[in-house]
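Below, chains carry the letters A, B, ... as their sequence lines are ordered, and counting in each starts from 1.
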2 protein chains.
Amino acid sequence: MRAEILPALAEAFRQHGYEGASLSRITQATGLGKGSLYRLFPGGKDEMAACVLDAIDGWFESEIFAPLRQGEPPGEAVSAMFEAVERYFRSGQRVCLIGVLALGAGRDRFGAAVRSYFARWIEALAASLRRAGHGESASTALAEEVVAQIQGAIVLARALDDPALFTRRLATLRSRIATA
Amino acid sequence: MRAEILPALAEAFRQHGYEGASLSRITQATGLGKGSLYRLFPGGKDEMAACVLDAIDGWFESEIFAPLRQGEPPGEAVSAMFEAVERYFRSGQRVCLIGVLALGAGRDRFGAAVRSYFARWIEALAASLRRAGHGESASTALAEEVVAQIQGAIVLARALDDPALFTRRLATLRSRIATA
DNA sequence: TCGAATTTGTACCGATCGGTACAGAGGCGC
DNA sequence: GCGCCTCTGTACCGATCGGTACAAATTCGA
């Protein structure tokens, strides 16, 4: 029920942000009228956004974070992360909704979810790096660097309208991890 | 006249984005009524945002881009950039308005300004690195990396509510440039 | 096939949106 | 003190906002 329209809903929030995603835009994006929308999400926009966040978080948790924590060998798990990230963000043409919320006023509303998402990403990646033989503090620093670079690459790729930049940045990160 | 309220105006756009910065929030942030606002900016919100972008762009151009291009020695110009960035973005507690617009729907409206801003930043930094002895293509790659990392560090520092992360990322970049 | 329950579109609500009109307050030369 | 011109607050405009109510359409079990 809900799950089927979550992708369209997510896309609407991604493209316009929380405040910019008006009900009319949402009805258009999902193809559902207000009646259906408010039956599925009695809490209105707030609940819609929360559900979308939850879905995105769940996807990253199972497709990226968990493999990073447990995948063997760790080097391959990291490599798989880069491939998944490249695909998920469409080479930087698709924006990171959680990142957008972190920058906007939505940080107050969804602050806990936003913080948890990035904290778990960094921690999972650091765990993988540690298992791959990197030092304790070096792993955390490198993980922070990688996640920051990914987020920044999305900004730059969109700003310059240059998806290749995103791919290029990811490639640099991979080689940095390999040689570190 | 205009110049005096531009900082308050910029802050409003930074905090709420273009769509979220309603006229009522703007009047509150600037202390000016609609009457005064529309006499200063007959073009409405659009003109306000354009002026703010222009002011920000001008500040970066004179305080950061130009010194990067011409500053001697180049290493010191780069170092000055990091200090200016740390101060300007308040250790990641202040958001980059141009970055926010790049992620949001404002990319269509202000696409040219957004693109130019980041392109000049990267190019100016690359020029400085070249003058410091880095290779042609290595300079561009490194410049892209630095600007992306700065933007990503803003996202992460806000998401995790951790200004120290921003400072940490900048420190890593400085040492990377020094040893590259 | 028919009645109940679910699902949907649409009309409507008060509030707020971006923007305009304009009367009056305030400063300034003379 | 007077007239002029700049500046500002406020009332108002149609449109749209998020949200509600509800009747018609649809689905589905029996």
Worksheet item: For DNA chain D, which residues in residues 17-26 of chain A have a heavy atom at a distance below 4.0 Å?
Response: A/A21, A/S22, A/L23, A/S24
Item to complete: Indicate whether any N or O donor in one side chain lies under 3.5 Å from an N or O acceptor in the other, for A/S79 and A/R174.
Response: yes
Item to complete: Could you check whether B/G33 gets within reach of a base, just the sugar-phosphate, or nothing at all, counting any heavy atom under 4.0 Å?
Response: sugar-phosphate
Response to the item:
In the 5' to 3' direction, the nucleotides of DNA chain D bounding the stretch that comes under 4.0 Å of a heavy atom in chain B are D/dC7 to D/dT10
Worksheet, complete the sentence: From the list A/L9, A/V100, A/I56, side-chain contact (heavy atoms from CB on, under 4.5 Å) partner of A/R14 resolves to A/I56
Discussion item. Whether the A/E145 and B/T172 side chains hold a donor-acceptor pair (N or O, under 3.5 Å, no angle test) is what I'd like checked.
Written reply: no
Discussion item. I need the single residue from B/I154, B/V95, B/L170 that forms a side-chain contact (heavy atoms from CB on, under 4.5 Å) with B/F89. Which is it?
Written reply: B/I154
Fill in: Parallel, tilted or perpendicular: rings of A/F118 and A/W121 (30°, 60°)
parallel
Worksheet item: Under 30°, 30 to 60°, or over 60°: which ring-plane class applies to B/F65 and B/F60, parallel, tilted or perpendicular?
Response: tilted
Worksheet entry | Nearest non-hydrogen partners of A/G104 and B/R158, listed with the distance | O-NH2, 3.5 Å
Discussion item. Are there over 12 heavy-atom neighbours, none belonging to A/Q28, within less than 6.0 Å of that residue's CD?
Written reply: no
